[in-house]
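Shown next, in structure tokens, is the structure this report addresses.
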Amino acid sequence: MGQVTILLIKEIYYPILAAISVPANLLTIVILSRGNCSLSKCISIYITAMATADLLVMMINVILYYIFSYHFPFSFLSHTPVCQFILYMTVVTLDLSVWFTVSFTFDRFVAICCQKLKTRYCTERTAAAVITTFSVLIFFQNIPFFFAFEPQQIINKVQWGCLQSAAYFSSPLGAAHLWFHLAWIVWVPFTSIFLFNSLTIRHIVVASKARRGLRGHKSDNQCDPEIQKRRKSIILLFTISASFILLWLTAALTVSITGLANINDSQRDHKNARYIASETGAMLKLLNSCPNTCIYAVTQRKFRKELKKILQSPRILILRFAKKWKK
């Protein structure tokens, strides 16, 4: 029953996730590129980078790996070199999504808590440099995953599929890289986001008390533009952070308990509890690439306005065409 249920859920879940998330992230990129959301260029760069990484996650991890590779087992995608590249890119795209979120969290921490550093760090140039640096670092530090897989079978001298390389995972270098990757993509980001958000909350509480003392009346906070500005900023920050932590938590716990290699080995037995847990964690962490557009729409009034304009554009064009046709 567990086998049938989890396989059926995956076949339904991933196409729906891709159908919703791909257009949502594309809309986010288009809206932010217009620059009409009253967000600083620094914030826009981070959020656009996050949306781009989420779009890549959907296209590579979900569409190529979970949908096409699964339903077309002997297509071009199943050639071992192509399969190895896809597996490498699934790791890279998830890394990009995770570390762009951490970068955004740190940027907001500096902007709110470190006023002296803010003028130098929270700039368009720094944001672009941070995104570029993390992108290059992630592409290079995941290169060992190219050597972590070997052909599953050879038919007429053609290599098909990918299996974990026992030689790689049993070697000290492979094991060290595996556990480094576990810390890099799970526990360092979790710890960083929790630490930066905790310090940000503490700073906001202290600053708000001091500001209330200076203004003299607590009710004045309702009309205090600085308090309102901070509130909008932290709502956006904490909503994105909370979404990330909640959706990644199952995958983080599963990988930490069983290890990356053990989880993948258990895929041969679809009734294995480790397989069900790891696939559930995978579905939830990939879902993290979907809700950010909704978060922006809920928390940012001008983003909602721009989204509404784009969604209404086809209807307006159709009406204009209909009027010209009648004439």
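Residue pairs meeting the disulfide bond (SG atoms under 2.5 Å apart) criterion with at least one partner in residues 109-161, sequence neighbours excluded, do not occur; the list is empty.
Counting heavy atoms from C-beta on, the side chains of N292 and T28 never come closer than 4.5 Å. At least one side-chain heavy atom of L94 sits less than 4.5 Å from a side-chain heavy atom of W248. Side-chain contact between T105 and F244 is absent, with no heavy atoms from C-beta onward closer than 4.5 Å. Side-chain contact between Q159 and Q153 is absent, with no heavy-atom pair separated by less than 4.5 Å. L182 has its side chain out of reach of L178: every pair of non-hydrogen atoms, C-beta onward, lies at least 4.5 Å apart. In this structure, F76 and H79 have side chains that are in contact, with non-hydrogen atoms separated by less than 4.5 Å.
For the 3.5 Å distance criterion, the side chains of S241 and N197 qualify, holding a donor opposite an acceptor.
Here the side chain of T119 pairs no donor or acceptor atom with the backbone of Q115 at under 3.5 angstrom. At least one donor-acceptor pair under 3.5 Å links the side chain of N25 to the backbone N or O of S21. Under the 3.5 Å distance criterion, the side-chain polar atoms of S33 are matched with a main-chain donor or acceptor of V30. For the pair S243 (side chain) and T239 (backbone), a donor-acceptor distance under 3.5 Å is absent. When atom types are taken as modelled, the side chain of H181 and the backbone of N142 share no donor-acceptor pair closer than 3.5 angstrom. The backbone N or O of T90 lies less than 3.5 Å from a partner atom in the side chain of T93, making a donor-acceptor pair. A donor-acceptor contact shorter than 3.5 Å links the side chain of T80 to the backbone of G161.
A centroid separation of 6.0 Å or more is found between the aromatic rings of F145 and Y88. Residues Y66 and Y14 bring their aromatic ring centres within 6.0 Å.
Aromatic ring pairs are classed by plane angle as parallel below 30°, tilted from 30° to 60° and perpendicular above 60°; the pair H177 and F180 is tilted.
A pairwise comparison of heavy atoms in N61 and M89 identifies OD1-O, 4.3 Å as the closest pair. Across W160 and S75, no two heavy atoms sit closer than the pair CZ3-O, 3.4 Å. Nearest approach of N288 to L247, heavy atoms of both residues: CA-CD1, 3.4 Å. Closest approach of H203 to I112, counting heavy atoms only: NE2-O, 2.9 Å. Closest approach of P189 to W99, counting heavy atoms only: CG-CZ2, 3.9 Å. Nearest heavy atoms, P15 versus K10: CD-O, 4.0 Å.
For R202, there are no salt bridge (Lys or Arg N to Asp or Glu O under 4.0 Å) partners two or more places apart in sequence or in a different chain.
Linking ILVMFWY residues whenever their side-chain heavy atoms come closer than 4.5 Å, directly or via other members, leaves F147 and L173 in distinct clusters. When hydrophobic clusters are built by joining Ile, Leu, Val, Met, Phe, Trp and Tyr residues whose side-chain heavy atoms come closer than 4.5 Å, directly or via intermediates, F146 is grouped together with V82. Placement of V92 and L56 in two distinct hydrophobic clusters is found when ILVMFWY residues are connected by side-chain heavy-atom separations under 4.5 Å, directly or transitively. No path of Ile, Leu, Val, Met, Phe, Trp and Tyr side chains, each step under 4.5 Å between heavy atoms, connects L246 with F196, placing them in separate hydrophobic clusters. Note: the hydrophobic cluster containing W179 also contains L253 (ILVMFWY, side chain heavy atoms under 4.5 Å, direct or indirect links).
The structure places CD1 of I31 at 4.0 Å from CD1 of I310, a figure rounded to the nearest 0.5 Å. The distance from the CZ atom of F85 to the CG atom of L77 is 11.5 Å, given to the nearest 0.5 Å. To the nearest 0.5 Å, atoms CG (L55) and CE (M58) are separated by 9.0 Å. Note that CG of L17 is 7.5 Å distant from OG of S289, once rounded to the nearest 0.5 Å. Interatomic distance, I86 CD1 to F68 CZ, rounded to the nearest 0.5 Å: 10.5 Å. Once rounded to the nearest 0.5 Å, the distance linking CG of L199 with CZ of F109 reads 5.0 Å.
More than 12 heavy atoms of other residues, nucleotides or ligands shown are found within 6.0 angstrom of CD1 on I155.
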Legend entry - side-chain contact (heavy atoms from CB on, under 4.5 Å) assessment of F149 paired with Y168: CA-CA 8 Å; F149 299 93; Y168 175 83; over 6 Å; no

Legend entry - Pair M283-T250, side-chain contact (heavy atoms from CB on, under 4.5 Å): steps then yes or no: CA-CA 10 Å; M283 288 189 285; T250 301; over 6 Å; no

Inset, instruction - Please step through side-chain contact (heavy atoms from CB on, under 4.5 Å) for the pair F106 and I193, ending with a clear verdict. - result: CA-CA 8 Å; F106 180 72; I193 289 175; over 6 Å; no

Legend entry - From CA spacing to verdict: side-chain contact (heavy atoms from CB on, under 4.5 Å), M59, L64: CA-CA 6 Å; M59 293 175 67; L64 283 184; over 6 Å; no

Which atom pairs, donor and acceptor, lie under 3.5 Å between side-chain atoms of residues 124-141 and protein residues at least two apart or in another chain?
from, atom 1, to, atom 2, distance (Å)
T126, OG1, R120, O, 3.3
T126, OG1, Y121, O, 3.3
T126, OG1, T123, OG1, 2.9
T132, OG1, A128, O, 2.8
T133, OG1, A129, O, 2.7
S135, OG, I131, O, 2.7
Q141, NE2, D95, OD2, 3.1

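Tested against C162, the residues C83, P81, S69 include a single side-chain contact (heavy atoms from CB on, under 4.5 Å) partner, C83.
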